[in-house]
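In what follows, every chain begins at residue 1, and chains take the letters A, B, ... in the order their sequences are listed. These numbers were taken from a predicted model, which means no experiment stands behind them.
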Amino acid sequence: MGYPHEPHQRETTVLSRYFGDAEARSLDGWKKRGGYKALEKALGMAPADIVNIVKESGLRGRGGAGFPTGMKWSFMKPGDGKPHYLCCNADESEPGTFKDRELMRWTPHALVEGCAIGAYAIGAETAYVYIRGEFTEPLYWMEQAVKEAYAAGIIGKNAMGSGKRIDVHVHKGAGAYICGEETALMNSLEGRRGNPRIKPPFPAVSGVFGMPTTINNVETLIAAAPILMKGADWYKKMSLSNPKSTGTKLYSVCGNVYRPGTYEVVMGFPFKEFLYDLCGGPLHGRKFKAVIPGGASVPIQTMEEAEATLMDYEGFVAHGSMLGSGGVIVIDDGQSMVSVIARIARFFAHESCAQCTQCREGTAWTTKIMERIRDGQGTMEDLDTLLDIADQMTGKTICVLSDSCAVPVVSGIQKFRSEFEGLIQGRRFHPVVAAVA
Amino acid sequence: MTPDLIGGLESPDYASHDRAAHEPYTLVFTGEVKRELDELLTRYPTKMAALLPALWILQRERGWVSEEGMVEVAELLELTPAYVKGVVTFYTMYHQHPVGKYFIQVCTTSPCGICGAEDVVKAFLRHTNTGELGLTSPDGRFTVIEVECLGACGFATPVMVNEEFIESVTPEKVPDLLARLA
Ligand SMILES: Cc1cc2nc3c(=O)[nH]c(=O)nc-3n(C[C@H](O)[C@H](O)[C@H](O)COP(=O)(O)O)c2cc1C
Ligand code: FES
């Protein structure tokens with residue numbers, strides 16, 4: 001809801017309604033706001049019916065890949081005699097993304113409830129919430145909420161008197177972007193180095209502790225409760241463009257923009273209105289130059305592309321990018337694209353787990369070349385080398401961190417080539433001087 | 001974030017660091033702390049899964065993760081010290097050396113970078129007298145490092161001081177912020 005700003009009338013606040021409302025954090029406050037009704041309802045239903053409603057709603061994963069959630073849940077075979085696990089991915093480390101942080105620090109009980117619903121639906125007795133170690137505030141509130149929920153018998157060996165056991169445990173990460181990748185997360189949870197695993201086997205077959213596992217993002221799990229309460233049709237109707245994208249989506253907006261914050265709009269919302277109206281447009285006297293709409297791993301959009309986009313999974317793809325994590329990074333005419341991309345490359349080089357050669361070497365090499373160009377030491381051949389390395393880094397590794405490093409470089413060279421060439425030809429980057437109002 | 005918001009989140013006692021590095025090792029997991037670990041072990045089907053939480057406890061109690069500490073944890077969880085070290089070195093948040101009483105992490109990843117994070121880093125280096133990233137100030141109070149995206153990009157520039165998370169830091173706010181730490 002535009003947090004930390006006033007909600008905008010064009011927002012649809014389903015998940016973010018209580019951001020900034022400190023009372024919603026306690027169990028009492030959460031119950032007063034209708035909390036745990038969905039869980040109560042869920043526990044009275046057959047798990048397969050919950051999975052079907054979620055399938056029917058069209059909810060897709062909010063962690064980045066957009067995989068249909070109901071379908072993911074249906075891969076968990078009931079009655080296989082094995083313990084099942086739910087892992088909630090709260091590692092949120094994709095540059096530009098901070099929506100899960102707001103969800104957890106303002107509405108921690110919503111996540112406890114979402115985890116309990118998800119666990120019940122997939123036949124799991126245990127849910128682990130893997131929260132990045134730097135999130136001291138979300139960790140604090142989540143631990144409080146879990147404690148309260150146990151004390152009230154909402155979770156535990158007889159969840160809400162249903163006779164079902166549902167445990168929810170908070171697990172603190174220790175600083176590693178890669179642990180947001182689902183198989184790395186499972187390794188980390190098991191007490192290992194956070195190296196991604198080769199798939200198959202997929203988590204639903206052999207996941208954490210070698211058992212069938214479902215991994216979902218914070219926002220995905222929290223969305224399950226309102227879907228159960230209000231029905232799949234209600235959720236499906238929140239779609240302005242493509243019927244394959246339904247519901248509301250949180251976007252965390254940052255960079256050179258007037259009102260950075262977390263906004264919630266329905267799928268298909270016009271990106272132009274979003275950027276200029278809801279987010280308040282550029283800073284005084286500046287102009288937007290580019291947008292990275294889904295966290296640092298998605299292609300950079302020119303303003304032309306961004307302004308034509310309808311905000312859903314298909315809409316961002318149709319205009320040269322991806323919805324990704326919903327982390328919108330706005331870049332204005334005061335910034336050098338080469339510097340921005342060089343710093344993103346450095347991020348990926350720092351975060352590579354170094355298992356795969358293409359990634360370990362490729363991210364480091366890309367960073368070196370990008371920084372050389374930024375510092376005016378580049379050559380024209382460097383551009384070809386960058387594209388060649390990017391090619392070698394794409395689709396060849398265990399996980400897509402490597403691809404993610406190549407993406408901003410390739411889209412940057414394609415869409416902002418003149419900035420690269422200018423620096424190579426010895427012209428320093430001169431930011432456009434802000435207009436005087 | 002204002003500090004009162006996270007009342008109850010005590011920062012570890014870093015005061016005894018330098019001493020700690022030279023004194024004979026005393027066990028961490030005894031009494032109350034051992035019971036805390038035992039409770040954690042009930043949450044997982046394997047002992048190994050309690051490794052990250054155990055290392056967090058170790059760091060909370062001693063301010064850093066020493067070789068001796070790794071041996072103690074290894075024995076408790078039936079792992080080898082080499083294995084534990086392999087895990088410790090993978091993650092950025094475990095300190096393998098004593099650090100300043102105030103461990104300051106400034107995000108400089110692109111979204112913060114384009115909002116002026118470099119200047120915030122410079123202000124910290126100047127006002128803490130540390131001079132260089134990663135070094136501890138001569139009085140042992142401060143260590144400043146750059147960190148990758150802290151997941152609070154809309155509040156550029158976020159800074160972590162030990163366990164405390166501070167949003168929207170600008171170079172001008174740095175002297176006051178440091179004075180408050182006194
Ligand atoms: C390098 C990398 C980092 C990722 N980081 C995150 C993350 O921080 N949070 C998240 O929810 N998903 C992250 N993902 C996506 C997860 O692997 C996974 O697809 C997701 O958690 C599934 O949940 P969903 O279906 O609810 O979206 C990451 C993927 C990769 C390759
Ligand atoms: S880039 Fe600084 S917090 Fe995300």
Side-chain angles (χ1 to χ4, degrees), chain A residues 4 22 83 92-98 100-101 105 126 128 132-137 139-140 167 169 171-177 179 188-195 208-209 211 252-256 260-262 292 296 327 329 331-332 334-335 339-341 343-344 346-347 350-351 353, chain B residues 1 5-9 11 40 42-56 59 65 77 79 83-84 86-94 105 107-118 146-156 158 160 162-165 167-168:
Chain A
E92 191 164 64
S93 315
E94 177 73 31
T97 318
F98 49 98
D100 298 340
R101 172 172 182 256
R105 67 177 179 149
T126 311
Y128 295 106
R132 65 178 296 186
E134 294 88 347
F135 272 180
T136 49
E137 196 189 356
L139 275 158
Y140 173 79
D167 283 314
H169 300 302
H171 191 93
K172 179 179 180 180
Y177 164 72
C179 289
S188 180
L189 186 56
E190 289 180 11
R192 303 173 194 276
R193 292 166 72 92
N195 291 333
V208 75
F209 307 117
M211 296 300 158
S252 48
V253 183
C254 62
N256 309 130
T262 304
I292 310 178
I329 307 166
I331 301 158
D332 75 14
Q335 306 299 328
S339 296
V340 172
I341 298 165
R343 188 63 186 83
I344 293 178
R346 176 166 281 277
F347 168 83
H350 183 262
E351 300 299 333
C353 83
Chain B
M1 180 178 66
L5 260 180
I6 51 159
L9 263 186
S11 292
L40 279 169
T42 66
R43 301 182 182 184
Y44 309 98
T46 65
K47 283 195 167 173
M48 192 201 270
L51 179 52
L52 265 61
L55 292 168
W56 275 120
Q59 179 152 306
V65 175
L77 301 181
L79 303 165
Y83 177 84
V84 173
V87 172
V88 169
T89 52
F90 184 86
Y91 299 94
T92 57
M93 292 184 78
Y94 297 125
Q105 309 185 64
C107 172
T108 58
T109 309
S110 300
C112 288
I114 60 177
C115 296
E118 293 296 339
E146 285 185 32
V147 68
E148 297 293 351
C149 182
L150 284 173
C153 331
F155 303 89
M160 281 190 83
N162 299 341
E163 296 283 287
E164 190 186 334
F165 203 103
E167 295 170 348
S168 308

Notebook entry, point to check: Is a side-chain N or O of B:Ser110 found less than 3.5 angstrom from the main chain of A:Val340, in a donor-acceptor match?
Noted result: yes
Check: Considering only heavy atoms, which portion of A:Val253 lies under 4.5 Å from any heavy atom of chain B: side chain, backbone, both, or neither?
Finding: backbone
Next item on the list: Below 4.5 Å from any heavy atom of chain B, which atoms of A:Phe209 appear? Answer side chain, backbone, both or neither.
Entry: side chain
Check: When heavy-atom pairs shorter than 4.5 Å are enumerated against chain A, which of B:Pro45, B:Ala156, B:Ala50 gives the highest number?
Finding: B:Pro45
Notebook entry, point to check: Is A:Arg101 close enough and on-axis enough to B:Phe155, meaning under 6.0 Å and within 45°, for cation-pi?
Noted result: yes
Next item on the list: Check for a donor-acceptor pair, side chain of A:Arg193 on one end and backbone N or O of B:Gly86 on the other, with a separation under 3.5 Å.
Entry: yes
Note to self: Looking at A:Asn256 and B:Ile114, would you say the former's side chain and the latter's main chain have a donor-acceptor pair under 3.5 Å?
What the structure shows: yes
Notebook entry, point to check: For atom CZ of A:Arg343, is the number of surrounding heavy atoms from other residues, nucleotides or ligands below 6.0 Å larger than 12?
Noted result: yes
Checklist line | Most chain A-contacting option - heavy-atom pairs closer than 4.5 Å, from B:Leu77, B:Thr108, B:Thr89 | finding: B:Thr108
Check: Roughly how far apart are A:Tyr140 OH and B:Glu163 CD, rounded to 0.5 Å?
Finding: 13.0 Å
Note to self: If I measure from the heavy atoms of chain B, does A:Ile329 come under 4.5 Å with its side chain, its backbone, both, or neither?
What the structure shows: side chain
Next item on the list: Side chain from CB out, backbone as N, CA, C, O: work out which of these in A:Tyr177 comes under 4.5 Å of a heavy atom of chain B, or both, or neither.
Entry: neither
Check: Where do A:Asn195 and B:Phe90 come nearest, in terms of heavy atoms and distance?
Finding: OD1-CE1, 3.5 Å
Margin query: With a 4.5 angstrom heavy-atom cut-off, is it the side chain or the backbone of A:Ser188 that approaches chain B, or both, or neither?
Written below: both
Checklist line | Spatial distance of atom CD (A:Glu134) from atom SG (B:Cys107) [nearest 0.5 Å] | finding: 10.0 Å
